[in-house]
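Down below is the structure, laid out as structure tokens.
Below, chains carry the letters A, B, ... as their sequence lines are ordered, and counting in each starts from 1.
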There are 2 protein chains.
Amino acid sequence: MPAPLMPREEVVRRLLEVFRGHGFDGASLAQLSKASGLGKSSLYHYFPGGKEDMARAVLEEVERWMAAHVLAPLAAPGTPARRLARMVKALDELYDGGRAACLLGNMLVGDARRLFRKPLKDAFGAWIEALASVARDAGMSATPARLWAEETVLSIEGALVLARGLDDPEPFRRVLRRLPGTLARS
Amino acid sequence: MPAPLMPREEVVRRLLEVFRGHGFDGASLAQLSKASGLGKSSLYHYFPGGKEDMARAVLEEVERWMAAHVLAPLAAPGTPARRLARMVKALDELYDGGRAACLLGNMLVGDARRLFRKPLKDAFGAWIEALASVARDAGMSATPARLWAEETVLSIEGALVLARGLDDPEPFRRVLRRLPGTLARS
DNA sequence: GTCTATAATAGGATAGAC
DNA sequence: GTCTATCCTATTATAGAC
């Protein structure tokens, strides 16, 4: 097929912003159409399965983004501190310094949770495992490494919730700032 | 007015379960009607402002619950450890050991966030301040106490997100188990 | 206070022309 | 691939009887 005016990837990225701001139930086709710049029919051309299909594509895009900007840096050569720092930088951009929500987190609300249970579980699981691997390379044994990894993801997710609740990105910025030290001290 | 068949408080509690499971956008009048056992028209009798009114009542109920089961125990006489333990017990029940979502957190998604910005901010703020007060009573100075309090709320919220993402309440249970120790060690 | 019935609108989805 | 027009259903909300 010929190259469309807008690459599918770009369409998906725009849909992502709607889903992450409004969740699955809250994202309407009207909003998705406006944000993507495509009419409803064009959206159905890209995503025959409708809204669920769009959300699935968005989740796959998140998986790809995570693989490239989180899992790969964490698994790359280098000191654990350096690998962790690369993830922190990527997350700081992804979440706009604490001002943007977590798509995965917002997909846990309502119908979406059971609809996308597996990809959500896999995404969190892969993230935790990649972090645990770094912690083991930093000298932790398996169990503490796993706990530190879960604690890390939990802190980031919690910080995003609190930042939105307090209307202040500072908790998120603090969590990211502190992260390197928790690896050394554990 | 005469006592209705079901106290308004009970109605609100049932609505709460719908909103906390589905968020604001995801909660439909049909679900709210079924969960409350009231017809749509009866719901509009209790809540003339419709869904927004229902959500507001639910948020007020959460504020009351927090005041009674979180703020009051934290401000009550007793050792800091004992006061904290009472909050932990209450939260463990509220969140069904990590199996239930946080209403406040789910209200941060979509339109609801700006609609209820103030009560949400106040609720998180009051919770944090009550915890900070306990921390100060435990010997921390103002700034560390505030940080510990924010960290505590953040961990609980993050744990609930992660527990739902992994489909496993263990992260939440761990956070609650660990909480008393963080007060002593900080 | 609660119900049945119904209005009015938004939402998701499709048809068919171009 | 994209658009306009349309369909059907669910959703929010109201009217009016009891």
Carboxylate-amine/guanidinium proximity below 4.0 Å for B:Arg164 and A:Glu157: no
Between B:Phe24 and B:Phe116, how do the two ring planes meet: parallel, tilted or perpendicular, split at 30° and 60°? perpendicular
With the side chain counted from C-beta on, respond yes when [X] and [Y] share a heavy-atom pair under 4.5 Å apart, and no when they do not.
| X | Y | value |
| --- | --- | --- |
| B:Leu59 | B:Phe19 | no |
| A:Leu84 | A:Thr79 | no |
| A:Glu17 | A:Arg13 | no |
| B:Trp127 | B:Ile156 | yes |

Distance, nearest 0.5 Å, that separates CE of A:Met66 from CE of A:Met87: 9.0 Å
Closest non-hydrogen atoms of B:Val175 and B:Ala159, given as atom of the first, atom of the second and distance, are CG2-CB, 3.8 Å
Looking at every non-hydrogen atom in both residues, tell me the closest pair between A:Ala145 and A:Ala135 and how far apart they are. CB-CB, 3.6 Å
Rounded off to whole Å, could you give me the [atom1]-to-[atom2] distance for the [X] and [N] pair?
| X | N | atom1 | atom2 | answer |
| --- | --- | --- | --- | --- |
| A:Phe47 | C:dG12 | CZ | C1' | 16 Å |
| B:Leu43 | C:dT4 | CG | P | 14 Å |
| A:Leu38 | D:dT2 | CG | P | 5 Å |
| A:His45 | C:dA15 | NE2 | C1' | 16 Å |

Could you list all N or O pairs between the protein and nucleotides 14-18 of chain D that sit under 3.5 Å apart?
residue : atom : partner : partner atom : Å
D:dT14  : O4   : B:Ser41 : OG           : 3.3
D:dA15  : N6   : B:Ser41 : OG           : 2.6

Nucleic acid contacts of residues 50-62 of chain A, taken as heavy-atom distances under 4.0 Å to DNA chain D: none
With the threshold set at under 4.0 Å for non-hydrogen atoms, list the residues of residues 10-34 of chain B touching DNA chain C in residue-number order. none
Please determine whether residues B:Phe172 and A:Val109 belong to a single hydrophobic cluster, defined as Ile, Leu, Val, Met, Phe, Trp and Tyr linked transitively by side-chain heavy-atom distances below 4.5 Å. no
